[in-house]
Amino acid sequence: MRRFIALLLCVFATMALAEARVRRYKWDVKYEFKSPDCYKKLVITINGKSPGPSILAQQGDTVVVEVTNGLVTENLAIHWHGIRQIGSPWSDGTEGVTQCPILPGDTFTYRFVVDRPGTYLYHAHYGMQRVAGLYGSIRVSPPDGVAEPFAYDYDRSIILNDWYHKSTYEQAVGLSSNPFVWVGEPESLLIQGKGKFNCSKLSSPTLDPAACNATSPECSPYVLTVIPGKTYRLRISSLTSLSALSFQIEGHNMTIVEADGHYVEPIEVQNLFIYSGETYSILFKTDQEPSRNYWITTNIVGRDATTKTPPGLAVLNYYPNHPKRAPPTNAPAGPIWNDTAPRRAQSLAIKARQGYIHTPPPKSDRVIVFLNTQNKIDGYVRWSVNNVSFTLPHTPYLVALKDNLHHVFDQRPPPDLLHDFKNYDIYSVANNKNATSSNAIYRLKFNTTVDIILQNANTMTVNNSETHPWHLHGHDFWVLGYGTGKFDPDNDPKKYNLANPIMKNTVPVHPYGWTALRFVADNPGAWLFHCHIDSHFYMGMGVVFEEGVDRVGKLPPEIMGCGETKGFKKP
Ligand code: C2O
Ligand code: CU
C-alpha cells in the first residue's frame, strides 16, 4: 500500500511538473497623446501603456494574446521577438511573411508556446510601426524545481529605446523619397519608456507650452528602487530603432549572465554594449554607500549623436532615500562613440556557460555570405544584401508557399555569394550599380545546417561603415566568430569557435567586419532575417528563409485576407 501511495505521489508530481498553464492577455492597441520625453506626440499604447504590459510565463506555458486593433486608420502586426514559434509559424507576427496585417477594428489571436526560459521581447512588425512605441517584454521563468546557475534576491526588467518626435509616417516617407530624407539621430533615449528632451531646444514658433512640458510627471526619470546589501538581476533589452547603446550603473559593476535567453559564462563589465533586438541579464550588488542615489545611464555609440541626443537617465534609488532625490554627482560619461575596439571585445568575450553549452554541428551543409551594402536603385537610397534590396510581397510567404501560389513572389533564388565577392573592396564607397529590388527568398533544405557570414562594407559615404544588428526569426543561431576586414572563406572558418559558442537570436556585424553564424533549418515555416534597425529594414536590409514548409500544419484562416488570399474565407 505504501508503495502504491509513493507511486501515486510520484505520478502526481510529474503531472504537476508537466502541467503547463495558459496565460491569457487581452490587448487594446490604440493611439494616444503621450509625453514620454516631455514632448507630446502620438504614441501607440497597449491597454493605455507604452511600453506595454509585460508577459510573465513559465517554460512550457502557452501564451494567448487577443489583440484588438484600435488604430482606426492603420494596420497592425505584433512579433514575439526571441520566441521560436515551433509548431505555430503563423503566430510570428511578421506582416507579409507569416500573416496579413490585422485591419483596423479587427481582433487577432496570437497563440504560442514559450519553450525556453529567458528574456524576450515583443514589438510591432508592420511598416515602421515599432518606432511609434508598441513594444514590451516577455519573461519566461524555468520550470518549478529547476535552478538557474546563479543566485539573486530580486529580478527586474528594463527596456532601452531611442525616441523620435517625427511620426513614423514622416520618417518612412522621407526614407522612400527622392531626394532622400534621413531620419537623423533620435531626440532622446528612453529607459523603460521615460526620457527627457530639453524643451528649451524647440524653436519659438513651434513652442507650445502644452506640447513640451519639462515638469510633466510622464517624463520624470524611471526609478529603480533597491535595498542595500542585495544582489539584483536586471534584464536589459534594447528596442532602439537606430541607436547602438552603452549602458551603465554609476559606481556598480555588472556581471553578464544571460544573453538572448542563453546563459553566459559570467563576465564582469563596467558598461554593457547593447544593440537593437538584444536582451541581457546582468547581476549587480547594492554594495555602495547607501545614503545616496546613483545614476543609471545609457549613451549612443557607433554614431555621432553627441550634439543631438542627450544621454538617457534613470535613478538607482537606495531605499529608504527619497526616490526623487537626484544623485549628488554627474552621470558617468559614456565611452567614446567611435571607438569600436571595446564593442568588438565584448562581442568576442560572450561565450556559452559551462554546463549549458549546446554544441553546434561540426560542419555545415551550405554557406551563405551576405554582403551588406548601401546602394542607389533607380535614384532611391536602399540597403542591399548581395545586391538585392528586399521588398515584401502583398501575399504573405507562408500562405504563398503552403498553397503553391508561385506568381506572388519572384521564384528565382537570390545568390548565396555575390558573383564578384572576391574582388569587392569593402573599404571603398559602395556604388553597386547592379543592385535590384526583389521579394525573392532563400529556400533551405529541411534539417540542414546553414552557415551565414554577415559581411560589412563601406556605405555610400567615404570612410563610413555602420553597425548592423541582425535578427533571425524562428531560430537561435550559434555565433561562431567575428572578424575584421573581409571574410576569408579558406582560413577564417578554421578559427571558428565550435567549443562554447553562445546561441543568440540577434547579433551585430561591426563596421568593416564580419560575423559568422550557424543554425539548423529545423523549424518548418517562413522566417525573416533582417537588420533590426527599423529604417534599414524598411530600406531593404533583410532576407527570408523558407524551410520544411510542406510540414507546416493547416494554416489558420485568420492570417489571410490580403493579396492573393483575399478569396480565402476569414472566420
Ligand atoms: Cu524584433 Cu523582425 O524583429
Ligand atoms: Cu542596419
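Predicted, not measured: the structure shown is a model, and the values here were computed from it. What you see below is based on every heavy atom in this structure, not just the backbone, and it leaves out hydrogens, waters and symmetry mates. Note that ligands are numbered from 1 as they come in the structure, with each ligand's atoms numbered from 1 the same way.
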*Asks:* Side chain of Ser276, backbone of Thr240: donor and acceptor closer than 3.5 Å?
*Replies:* yes
*Asks:* Would you say His125 reaches atom 2 (Cu) of ligand 1 with an N/O/S atom under 2.8 Å?
*Replies:* yes
*Asks:* Is atom 2 (Cu) of ligand 1 under 2.8 Å from any N, O or S atom of His473?
*Replies:* yes
*Asks:* Hey, could you give me the CG/OG1 distance between Leu245 and Thr298, rounded to the nearest 0.5 Å?
*Replies:* 4.0 Å
*Asks:* Decide yes or no for Arg84 and Asp476: does some side-chain heavy atom of the first lie under 4.5 Å from some side-chain heavy atom of the second?
*Replies:* yes
*Asks:* With atom 1 (Cu) of ligand 1 as the point of reference, which N/O/S atom of His532 is the closest?
*Replies:* NE2
*Asks:* With a 3.5 Å cut-off and no angle check, do the side chains of Asn372 and His468 form a donor-acceptor pair?
*Replies:* no
*Asks:* Measuring from atom 1 (Cu) of ligand 1, name the closest N, O or S atom belonging to His81.
*Replies:* ND1
*Asks:* Counting backbone and side chain alike, does His468 bring an N/O/S atom below 2.8 Å of the Cu ion (ligand 2)?
*Replies:* yes
*Asks:* Can you tell me, to 10 degrees, how wide the angle at the Cu ion (ligand 2) is between SG on Cys531 and ND1 on His536?
*Replies:* 130°
*Asks:* State whether a side-chain donor-acceptor pair under 3.5 Å links Thr395 with Glu564.
*Replies:* no
*Asks:* Please check if any side-chain donor atom of Thr506 sits under 3.5 Å from a side-chain acceptor atom of His532, or the reverse.
*Replies:* no
*Asks:* Output yes if His123 passes the N/O/S-under-2.8 Å test against atom 1 (Cu) of ligand 1; output no otherwise.
*Replies:* yes
*Asks:* Strictly under 2.8 Å, is any N, O or S atom of His471 next to atom 1 (Cu) of ligand 1?
*Replies:* no
